[in-house]
Chemist: 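Could you have a look at this structure, given as structure tokens, before my questions?
What you see is a predicted model; the values in this text were computed from it and never measured. Below, chains carry the letters A, B, ... as their sequence lines are ordered, and counting in each starts from 1.
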Amino acid sequence: MNKNASVRKIGDITVVELKGKITIGAGDLQMREAIHAVLNEGARKIIVDMSGVSTIDSSGVGELVGCFTTSTHKGAKMKLMNLPAKISDVLTVTQLITVFDVFPNEAEAVASFAS
Amino acid sequence: MNKNASVRKIGDITVVELKGKITIGAGDLQMREAIHAVLNEGARKIIVDMSGVSTIDSSGVGELVGCFTTSTHKGAKMKLMNLPAKISDVLTVTQLITVFDVFPNEAEAVASFAS
Amino acid sequence: MTATSPGPIVLWLASRYENIELVQAALAHVCRQREIDGEMEHWIGMALREAVANAVKHGNRLDPDKRVLVKFDGVGNDLTIVIGDEGGGFDPERVSDPLAPENQMKTSGRGIFYIRTFMDDVSFSRGESGGTVLTMHKDLSKRGNAKGENE
Amino acid sequence: MTATSPGPIVLWLASRYENIELVQAALAHVCRQREIDGEMEHWIGMALREAVANAVKHGNRLDPDKRVLVKFDGVGNDLTIVIGDEGGGFDPERVSDPLAPENQMKTSGRGIFYIRTFMDDVSFSRGESGGTVLTMHKDLSKRGNAKGENE
Ligand SMILES: Nc1ncnc2c1ncn2[C@@H]1O[C@H](COP(=O)(O)OP(=O)(O)O)[C@@H](O)[C@H]1O
Ligand SMILES: Nc1ncnc2c1ncn2[C@@H]1O[C@H](COP(=O)(O)OP(=O)(O)O)[C@@H](O)[C@H]1O
């Protein structure tokens with residue numbers, strides 16, 4: 001159904017893997033759907049795996065911020081991992097890279113939930 | 001130099017392998033250059049391997065006819081092999097498929113020079 | 001506009017053969033939007049390449065300051081493609097038949113024949129400034145008969 | 001026209017987000033012609049996607065009968081891209097700063113900022129029919145500094 005997002009579990013952590021273009025009118029909405037779905041299913045520790053994202057635009061960035069806020073409101077933590085350099089650059093220039101909890105790899109992202 | 005054509009030998013037969021688009025302004029001219037070059041180097045038995053051709057247009061077809069005529073004038077024989085279905089269709093609708101000596105594979109094309 | 005038409009797409013291009021590749025990319029986009037399969041796309045693409053090549057070569061005589069217009073349009077099962085140039089026009093009735101025995105070994109003269117073969121309806125007219133306007137239609141319901149043969 | 005300009009390329013498109021993909025394909029074509037590397041193409045593409053998305057969304061308000069114009073032009077080391085819409089226009093001075101603390105967690109408002117960040121010169125004007133005309137330039141000599149940072 002959702003060709004831009006798939007979900008897997010690591011213990012009580014839910015990993016949402018994004019793929020392709022997280023851009024206006026398609027990938028941005030699919031990302032929101034996927035993250036809202038896991039939140040509604042009760043996920044409280046969420047890692048968004050960005051390794052497969054080729055492009056993100058301001059709509060995708062906006063949805064990412066929205067998902068982060070929704071997660072916080074629901075008492076969940078949403079973190080990001082495996083950001084390709086270009087995606088990281090896009091978040092950096094709008095000073096969002098410090099808002100999100102960003103990890104270079106899965107081990108560090110998972111470990112961060114233990115502490 | 002010539003990214004649309006390369007040449008190999010089978011005994012006294014010269015095989016010109018065409019690749020990609022044999023279309024106006026690029027591939028068509030490169031094909032002519034390649035075939036004229038082998039003719040000038042004395043090739044008299046020529047097989048044009050079309051297996052790698054993705055698209056041919058009327059300019060490519062025209063150059064192919066021109067190369068055939070030039071070959072004949074020089075006392076050389078130019079044959080075609082391994083035509084993808086779409087290339088064969090393009091030659092068929094303009095009734096050129098019967099003008100050229102066309103072979104389904106290399107063995108038959110090579111054997112045709114022996115008889 | 002109906003649900004099956006994504007609306008027209010218009011390109012204005014300098015008269016360069018390399019721009020044929022952009023026209024091909026635009027066709028690929030239109031084919032995705034209109035759910036036209038790869039087989040049919042191939043034959044439409046062949047006609048389109050010929051039409052744009054003629055506009056660049058015979059119409060605009062490779063003058064890079066002259067433009068070629070390409071418009072994709074049509075609703076439902078009709079795909080309409082219009083190709084316009086800023087040349088002097090020509091009489092399509094006077095184009096010789098490439099199947100005639102005396103033309104068989106000519107190195108040119110097959111482009112319009114390919115256009116007519118691979119499209120379902122083809123007409124030439126004069127644009128406001130005298131250039132050629134070629135309008136060609138493809139009936140998208142005829143899938144599996146993409147080459148436009150009658151049976 | 002100089003040897004380093006392949007001439008303008010103009011597209012007129014229906015107001016649909018999916019047409020952003022065609023604009024991206026046209027940019028890829030222009031980048032091949034102008035020998036713009038993949039890194040720089042990526043950042044120009046980001047700005048272009050934002051500009052077309054704004055024209056479709058805010059300008060034409062997704063009305064598929066309204067058109068978006070995209071023009072690629074410029075000579076030498078200047079790549080000029082113009083994006084026009086048929087909307088009501090807006091005052092770019094009144095767009096809020098997405099870096100302001102109170103805007104940081106907003107879900108929108110970053111598009112124009114990205115455009116200004118990734119292009120070298122950006123200006124907005126009103127078209128004849130009142131819509132927005134966004135003209136953006138990229139200095140192609142600044143390769144390796146593709147994000148448009150000042151140092
Ligand atoms: N857009 C055009 N403007 C002017 N003349 C044209 C145009 N298209 C075709 N023609 C004329 O029709 C002739 C036949 O065209 P075509 O069948 O495509 O073969 P070719 O391009 O190989 O000559 C051309 O040689 C040219 O004289
Ligand atoms: N082409 C346009 N026509 C009308 N208004 C526009 C246009 N482009 C931008 N705007 C206005 O500028 C605002 C900021 O745009 P932008 O920075 O791209 O962020 P966003 O699109 O997320 O709102 C938009 O919300 C809109 O009000």
Side-chain angles (χ1 to χ4, degrees), chain A residues 3-4 19-33 35-36 39 48 50 52-74 76-80 83-102, chain D residues 14-25 27-28 37-58 62 64 68 95-119 145-150:
Chain A
K3 72 181 179 57
N4 285 78
K19 281 187 288 288
K21 292 180 168 170
I22 308 300
T23 53
I24 196 164
D28 60 341
L29 306 176
Q30 293 180 349
M31 176 182 70
R32 179 171 58 186
E33 265 173 39
I35 293 174
H36 281 210
L39 281 170
V48 181
M50 309 284 284
V53 177
S54 58
T55 311
I56 193 164
D57 65 3
S58 68
S59 292
V61 170
E63 289 294 348
L64 207 56
V65 172
C67 288
F68 181 85
T69 304
T70 306
S71 297
T72 306
H73 286 168
K74 296 217 177 199
K77 273 210 176 309
M78 183 186 116
K79 307 187 178 199
L80 307 183
L83 270 65
K86 289 191 173 65
I87 308 304
S88 170
D89 287 342
V90 168
L91 295 181
T92 302
V93 295
T94 40
Q95 299 176 5
L96 286 167
I97 201 87
T98 51
V99 168
F100 296 115
D101 257 350
V102 178
Chain D
S15 299
R16 298 168 70 94
Y17 293 136
E18 67 196 46
N19 283 334
I20 296 174
E21 301 311 320
L22 176 55
V23 175
Q24 187 91 51
L27 174 66
D37 63 33
E39 181 72 14
M40 191 176 254
E41 176 181 338
H42 183 87
W43 300 113
I44 299 169
M46 172 117 199
L48 182 53
R49 297 181 76 98
E50 297 294 341
V52 177
N54 278 351
V56 168
K57 184 180 185 178
H58 302 301
L62 287 156
V68 174
V95 168
S96 56
D97 175 10
L99 301 189
E102 69 273 20
N103 296 327
Q104 196 172 31
M105 297 309 288
K106 287 208 174 144
T107 59
S108 64
R110 296 178 185 86
I112 291 173
F113 179 84
Y114 282 133
I115 294 170
R116 292 195 193 277
T117 301
F118 298 129
M119 298 299 283
N145 186 17
K147 272 173 279 167
E149 291 152 3
N150 289 320

Chemist: Which of residues 95-104 of chain D have a heavy atom under 4.5 Å from any heavy atom of chain A?
Modeler: D:Leu99, D:Gln104

Chemist: When rounded to the nearest 0.5 angstrom, what is the spacing between CG in A:Asp89 and OG1 in D:Thr117?
Modeler: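 Reported value, rounded in 0.5 Å steps: 11.5 Å.
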
Chemist: Do the non-hydrogen side-chain atoms of D:Ile20 and A:Ile24 ever get within less than 4.5 Å of each other?
Modeler: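 Heavy-atom side-chain distance check passes, below 4.5 Å.
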
Chemist: Below 4.5 Å from any heavy atom of chain D, which atoms of A:Ser54 appear? Answer side chain, backbone, both or neither.
Modeler: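 Only the backbone of A:Ser54 comes within 4.5 Å of chain D.
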
Chemist: Specify the closest pair of heavy atoms between D:Phe113 and A:Val93, including all atoms of both residues, with the distance to one decimal.
Modeler: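 Heavy atoms only, the tightest pair is CE2-O, 3.3 Å.
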
Chemist: Restricting to non-hydrogen atoms, name the atom on A:Phe68 and the atom on D:Met105 that form the minimum distance, rounded to 0.1 Å.
Modeler: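 Closest approach of A:Phe68 to D:Met105: CD2-CE, 3.6 Å.
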
Chemist: Taking D:Arg110 as the fixed residue, which of A:Val61, A:Val90, A:Asp57 is the one that meets the side chain to side chain contact (heavy atoms under 4.5 Å, CB included) rule?
Modeler: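 Of all the options given, the one that passes is A:Val61.
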
Chemist: Check each atom of A:Leu64 against the heavy atoms of chain D and say whether the ones under 4.5 Å are side chain, backbone, both or neither.
Modeler: neither

Chemist: Rounded to the nearest 0.5 Å, how far apart are CZ of D:Arg49 and NZ of A:Lys21?
Modeler: 4.5 Å

Chemist: What do you reckon, is NZ of A:Lys77 surrounded by more than 12 foreign heavy atoms closer than 6.0 Å?
Modeler: no

Chemist: Which residues in residues 50-57 of chain D have a heavy atom less than 4.5 Å from any heavy atom of chain A?
Modeler: D:Glu50, D:Ala53, D:Lys57

Chemist: Heavy-atom pairs under 4.5 Å with chain D: which of A:Ser58, A:Gly25, A:Ala26 has the most?
Modeler: A:Ser58

